[in-house]
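Numbers here are sequence positions counted from 1.
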Amino acid sequence: MNKMKYLLLLAACVMTTGFMTSCLNSDGESFDNRFTEEELDAYLTRLQGTYNGKLMFYHRGLNAAGTKDSMMLDSIEGMRWVIRKDSTITIDNFPDSIYNNAISMQTTTGNVDFRNILSKAQDRRLVCNFGPFKGLTQSNTVDYGFFVLPDGTTKNNAVYTSSQIFDENGKQYDVEYGYVTYLNDGYSYYQADGYLSSTGNISFMLILSDIKCEQVPQSNYRKEGYPILLKGMKLY
């Protein structure tokens, strides 16, 4: 049942952006964005494989003057992930700790600094599902892309994953991360996800929309999208 809810959510997100319905190209002719079974099989066959690249995210810290909490682009090199023909992406050693940048440095609950807790999160293997679509480029050539969501529990129009974090005193914190497929906070640096078969280059985005922690009341600080971008090249 949860898998079905996930697929319905992903389909709704794709339809919201207009990729699963017919549309008009720049010449006014109808263009069908849907895959045929043969096209989808060929696309997934090209896409499957092992990739190496980097993870790009926004790092929260003080500006050059040391007076303001600012967001700066940062990256982690040497990321590796596997795409399978069953429309799954497995990311090795995904760094949950970067999500401490998704909340304000000033945000605390009582004497608990939630950013400090999140920074202690361990890397983990993250399994995602993706939904391919067809689109048109400005030159009216067909382009292929996909939306990505982690495999998790669907609720409140988002998909949630969970992890356990232990602080320096051994206290356990149960954290939930909510993901969506759209971005509404102005991080225009991030573009549509896609795979270029001629070069093997790929990029896809994960968007964190919410963070919850049972042990830190009112800790769902994130209300707009926090983007994570993975860019790399197919190894084999």
Measure the shortest side-chain to side-chain distance between [X] and [Y] over non-hydrogen atoms and say whether it is less than 4.5 angstrom.
| X | Y | answer |
| --- | --- | --- |
| V175 | I211 | yes |
| I117 | C213 | no |
| I202 | K234 | no |

Atom CD of residue position E39 - does it have more than 12 heavy atoms of other residues, nucleotides or ligands inside 6.0 Å? yes

Distance in Å, [X] [atom1] paired with [Y] [atom2], rounded so as to fall on 0.5 Å steps:
| X | Y | atom1 | atom2 | value |
| --- | --- | --- | --- | --- |
| D210 | Y179 | CG | OH | 11.5 Å |
| I89 | L149 | CD1 | CG | 10.5 Å |
| E214 | Y173 | CD | OH | 12.5 Å |
| I98 | Y58 | CD1 | OH | 13.0 Å |
| W81 | T50 | CH2 | OG1 | 11.0 Å |

For the residue pair [X] and [Y], what are the closest heavy atoms and their distance?
| X | Y | answer |
| --- | --- | --- |
| R115 | N101 | NH2-OD1, 3.8 Å |
| V148 | T181 | O-CG2, 4.2 Å |
| N93 | M79 | O-CE, 3.9 Å |
| D96 | S163 | OD2-OG, 3.9 Å |
| A158 | V180 | CB-CG1, 3.9 Å |
| P95 | D123 | CA-OD1, 3.3 Å |

Transitively linked via ILVMFWY side-chain contacts under 4.5 Å: [X] with [Y]?
| X | Y | answer |
| --- | --- | --- |
| F130 | L40 | yes |
| I76 | I207 | yes |
| Y160 | V127 | no |

Non-neighbouring partners of Y99 that pass ring pair (Phe, Tyr, Trp, His ring centres under 6.0 Å), sequence neighbours left out: Y177

Taking only residues two or more places apart in sequence, or in another chain, which ones meet F94 in a ring pair (Phe, Tyr, Trp, His ring centres under 6.0 Å)? none

Indicate yes or no for a side-chain donor-acceptor contact from Y226 to the backbone of F57 under 3.5 Å, with no hydrogens or angles considered. no

Are the side chain of D167 and the backbone of N169 linked by a donor-acceptor contact shorter than 3.5 Å? yes

Could you pull out all residues at least two apart from [X] that satisfy side-chain hydrogen bond (donor to acceptor under 3.5 Å, both in side chains)?
| X | answer |
| --- | --- |
| D92 | R125 |
| T161 | R124 |
| Y43 | none |
| N116 | K120 |

Connected to L235, directly or through other members, by ILVMFWY side-chain contacts below 4.5 Å are Y236

Trace of the side-chain contact (heavy atoms from CB on, under 4.5 Å) decision for I91 with L55: CA-CA 11 Å; I91 306 171; L55 183 151; 6.0 Å; no

Among residues at least two apart in sequence or on other chains, which ones pass side-chain contact (heavy atoms from CB on, under 4.5 Å) with [X]?
| X | answer |
| --- | --- |
| K85 | D41, L44, T45, Q48 |
| D86 | R84, T88 |
| Q172 | Q164, F166, D174 |
| E77 | K54, S75 |

Are L230 and Y51 close enough, and set up right, to give a side-chain contact (heavy atoms from CB on, under 4.5 Å), and what steps lead you there? CA-CA 10 Å; L230 286 105; Y51 295 77; over 6 Å; no

